[in-house]
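To start, the structure itself, in structure tokens.
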Amino acid sequence: MASSVKLGSKPDAFRRQGQAWFCTTGLPSDVTVEVGDMSFHLHKFPLLSKSAFLERLIEETSDQDECVIILNDIPGGAKSFELVARFCYGVKIELSSENVVYLRCASEHLQMTEEIAEDNLISQSEIFLYQVIIRNWKDSLKALETCEDLLPHAENLQIVKRCIESLASKATTDPNLFGWPIREHGIMQSPGGSVLWNGISTGARPRNFSSNWWYEDASALSFHMYKRLISTMESRGIRPEIIAGSLTYYAKKYLPGLNRRHSMGAVPLTATLSEVEQKNLLEEIDRLLPVQKGLASTRVLLGLLRTAMILKASPTCISNLEKRIGMQLDHATLEDLLLPNFSYTMETLYNVECVQRILDHFLAMDQANGAASPCLDDVMASPSLAPITTVAKLIDGYLAEIAPDINLKLPKFQALASAVPEYARPLDDGLYRAIDIYLKAHSWLSEAEREQLCRLMDCQKLSLEACTHAAQNERLPLRVVVQVLFFEQLQLRTSIAGCLLVSDNLEGSRPLRSSITTSGEAGGWATAVRENQVLKVGMDNMRMRLSELEKECSTMRQEIQKLGRGKSGGWASRVPKKFNLKLKSQMCSAQEGSVSEQHKSMSAKLDKLQAKVSRQKKQLAGDA
């Protein structure tokens with residue numbers, strides 16, 4: 001509830017008729033004061049007894065038949081003079097946060113000082129400002145809002161400065177630490193923390209205030225006043241994240257573009273600004289935002305960037321936002337990164353150039369922080385490399401989203417994909433998916449362009465699932481398919497070798513179990529049996545896959561040999577030269593022989609493993 005104080009004791013003697021005010025004291029009016037379109041029919045004595053300025057004007061018109069005073073330059077216009085006239089007549093008026101600034105500025109202009117009359121309006125309004133308004137958050141805020149209509153008078157009287165200093169002081173202080181009694185936001189609080197009603201404790205506990213308790217109130221100010229408030233808070237050492245939070249709240253309230261899909265937070269929208277005003281506001285917020293990383297969420301920054309593109313903000317503003325986003329690109333989501341193209345000069349659906357610049361800022365920052373090019377094991381193990389691996393995954397997802405765009409040129413796709421360092425991708429599955437989507441949407445690419453595109457991915461970094469898909473992908477060049485088959489077989493060999501290594505360790509672990517109790521041996525034996533069963537199923541699956549690979553490799557070698565027997569001047573004679581199929585035929589022969597030998601070796605080791613398990617089972621039965 002706003003604070004107020006009553007002045008005067010006489011009943012209201014003023015009445016209005018159209019654009020004229022009359023004082024019904026029973027005496028005829030002897031002076032007319034014109035303020036704008038409003039006329040006040042009053043009496044000389046009450047006015048000149050309170051105002052030196054009006055006294056001088058009345059004396060200047062004393063020789064005229066009719067006394068008419070024009071006050072077009074009085075602060076606050078007719079609204080202020082009506083209150084001043086009531087004060088001069090001693091009629092009851094109520095000083096409040098909504099009118100005290102009007103009265104203070106008008107009384108200064110009319111020279112209503114103590115030399116003219118005791119307890120005059122200047123002193124009365126000044127005391128109310130200092131002792132009541134400035135000490136209360138809500139009243140200071142309301143008084144500051146009214147200063148907008150009274151500039152530069154309120155500025156000259158230091159009212160704006162005093163209100164801003166009061167608000168900044170309260171915003172930078174924890175409300176939970178205020179002394180008692182405290183009246184802020186309509187709550188009276190006792191030393192024990194209970195809410196007071198008429199000075200009596202209700203036993204209710206007050207709510208705890210967070211650091212953003214003042215955001216909504218401050219957002220009611222015009223940006224001119226809000227900007228001065230923020231600057232004063234910064235000079236008082238308020239934390240940058242609090243400043244950034246308030247600026248974000250203010251931007252959400254006045255920039256409709258930030259409330260896209262209602263995902264920017266529950267902030268009441270006040271869309272009363274024109275596009276030019278929104279553009280100026282956004283550029284000012286960009287200048288006020290602290291530059292430290294992480295103070296504003298990446299989603300908010302991307303929302304600001306999207307809005308800046310729509311409003312055609314200055315290149316400096318857009319560049320600053322791109323750099324801010326680049327500093328924390330690892331916290332972005334794919335949905336927010338899909339920035340539409342708002343320029344008629346660009347053909348693509350999404351603004352790929354903007355994302356490229358954001359990625360370049362991130363990589364430059366990552367390199368400036370001393371990041372080297374680690375090996376794959378370091379990437380998987382080091383927490384410090386998590387941001388760049390996250391960004392690599394994000395960019396691969398972005399590439400997959402923009403790949404269906406038929407207007408997306410191959411060099412632009414390649415530039416974005418190749419900008420991510422190789423060490424940032426532990427696996428190339430995401431990149432392979434994006435390439436496959438691009439090939440499907442751009443079926444007119446030549447074989448050379450397809451091979452050039454596929455060079456972006458490393459076939460050795462594809463998972464078994466991706467290898468299986470790629471081996472059957474008709475959109476990939478033949479050279480890439482052969483490479484995928486080769487590295488898929490290498491992965492299978494590695495997996496089998498690891499499984500057989502586990503089987504060899506089963507026998508070596510027996511002496512350790514002999515020192516354990518019988519119940520422990522039984523538990524270890526059950527575990528070994530389960531591991532053996534799982535291992536046997538896995539090896540059966542691998543055996544089937546190896547058999548399939550043998551058939552595929554044999555079929556491919558036969559097809560190559562058929563092509564090789566064609567005429568030397570025909571297309572078939574040129575195929576081995578183009579794809580180096582002769583080398584691939586030799587590779588398939590070597591792989592087929594290796595697969596057969598590994599098949600036999602795997603079967604022998606499986607039989608050996610089963611024999612070992614049988615011996616352990618008999619030994620355990622004998623010990624029991």
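Hydrogens, waters and symmetry mates are skipped; everything else that's a heavy atom, side chains included, is used. Numbering of residues begins at 1 and proceeds along the displayed sequence. All of these numbers come straight from a predicted model, not from anything done at the bench.
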Decide if atom [atom1] of [X] counts as having more than 12 heavy atoms of other residues, nucleotides or ligands within a radius under 6.0 Å.
X	atom1	result
Asp73	CG	yes
Lys412	NZ	yes
Glu275	CD	no
Glu148	CD	yes
Tyr130	OH	no
Lys279	NZ	yes

pair [X]-[Y]: side-chain heavy atoms closer than 4.5 Å:
X	Y	answer
Arg16	Met38	yes
Leu334	Leu394	yes
Leu141	Leu221	yes
Phe342	Lys312	no
Asn136	Ser97	no
Glu335	Arg299	yes

Using a strict cut-off of less than 4.0 Å between a Lys/Arg side-chain nitrogen and an Asp/Glu carboxylate oxygen, indicate whether [X] and [Y] qualify as a salt bridge.
X	Y	result
Glu155	Arg228	yes
Glu126	Arg162	yes
Arg236	Glu165	yes
Arg287	Glu284	yes

Spell out, as yes or no, whether a donor-acceptor pair under 3.5 Å connects the side chain of [X] to the backbone of [Y].
X	Y	answer
Tyr102	Asp149	no
Gln328	Ala296	yes
Asp428	Lys461	no
Asp436	Tyr432	no
Tyr226	Leu247	yes
Ser123	Asp119	no
Ser107	Leu103	yes
Asn72	Gly36	yes
Ser246	Ile243	no
Asp139	Ile133	no

Exercise. Once the angle between the rings of His442 and Tyr438 is folded into 0 to 90°, is it parallel (under 30°), tilted (30 to 60°) or perpendicular (over 60°)?
Worked result: parallel
Exercise. Can you say whether the rings of Phe40 and Phe81 are parallel (under 30°), tilted (30 to 60°) or perpendicular (over 60°)?
Worked result: perpendicular
Nearest 0.5 angstrom please: [X] [atom1] to [Y] [atom2], how far?
X	Y	atom1	atom2	answer
Leu408	Ile402	CG	CD1	5.0 Å
Phe223	Leu229	CZ	CG	11.5 Å
Leu121	Leu95	CG	CG	7.0 Å

Exercise. Would Glu353 and Arg357 satisfy salt bridge (charged side-chain N to carboxylate O under 4.0 Å, His left out), going step by step from the backbone distance to the final call?
Worked result: CA-CA 6 Å; Glu353 289 86 352; Arg357 292 192 296 268; over 6 Å; no
For this session: Check the pair Glu94, Val5 against side-chain contact (heavy atoms from CB on, under 4.5 Å), reporting the backbone distance first and the verdict last.
Result: CA-CA 6 Å; Glu94 187 174 277; Val5 64; over 6 Å; no
For this session: In sequence, state the C-alpha distance, the side-chain angles, and the governing distance for Asp396 and Arg433, and then conclude on side-chain contact (heavy atoms from CB on, under 4.5 Å).
Result: CA-CA 8 Å; Asp396 289 347; Arg433 176 174 173 268; over 6 Å; no
Exercise. Run the side-chain contact (heavy atoms from CB on, under 4.5 Å) check on Val300 and Lys252 step by step: do they pass?
Worked result: CA-CA 9 Å; Val300 169; Lys252 290 177 183 178; 4.1 Å; yes
Problem set entry | Residue pair Leu427 / Ser463: nearest heavy atoms and the distance that separates them | CD2-N, 4.4 Å
Seminar exercise, completed: Nearest heavy-atom contact between Leu462 and Asp429 is CA-OD1, 3.5 Å
For this session: Under the side-chain contact (heavy atoms from CB on, under 4.5 Å) rule, what do Thr389 and Lys393 come out as? Steps first, then yes or no, please.
Result: CA-CA 6 Å; Thr389 56; Lys393 184 178 180 180; over 6 Å; no
Exercise. So which of Asp286, Leu255, Val276 actually passes side-chain contact (heavy atoms from CB on, under 4.5 Å) with Leu281?
Worked result: Leu255
For this session: Report the C-alpha separation of Asp405 and Thr348 in whole Å, then their side-chain angles, then the decisive distance to 0.1 Å, and conclude whether the side-chain hydrogen bond (donor to acceptor under 3.5 Å, both in side chains) test is met.
Result: CA-CA 7 Å; Asp405 188 354; Thr348 55; 4.9 Å; no
For this session: Ignoring hydrogens and angles, state whether a donor on the side chain of Lys170 or Ser166 is under 3.5 Å from an acceptor on the partner side chain.
Result: yes
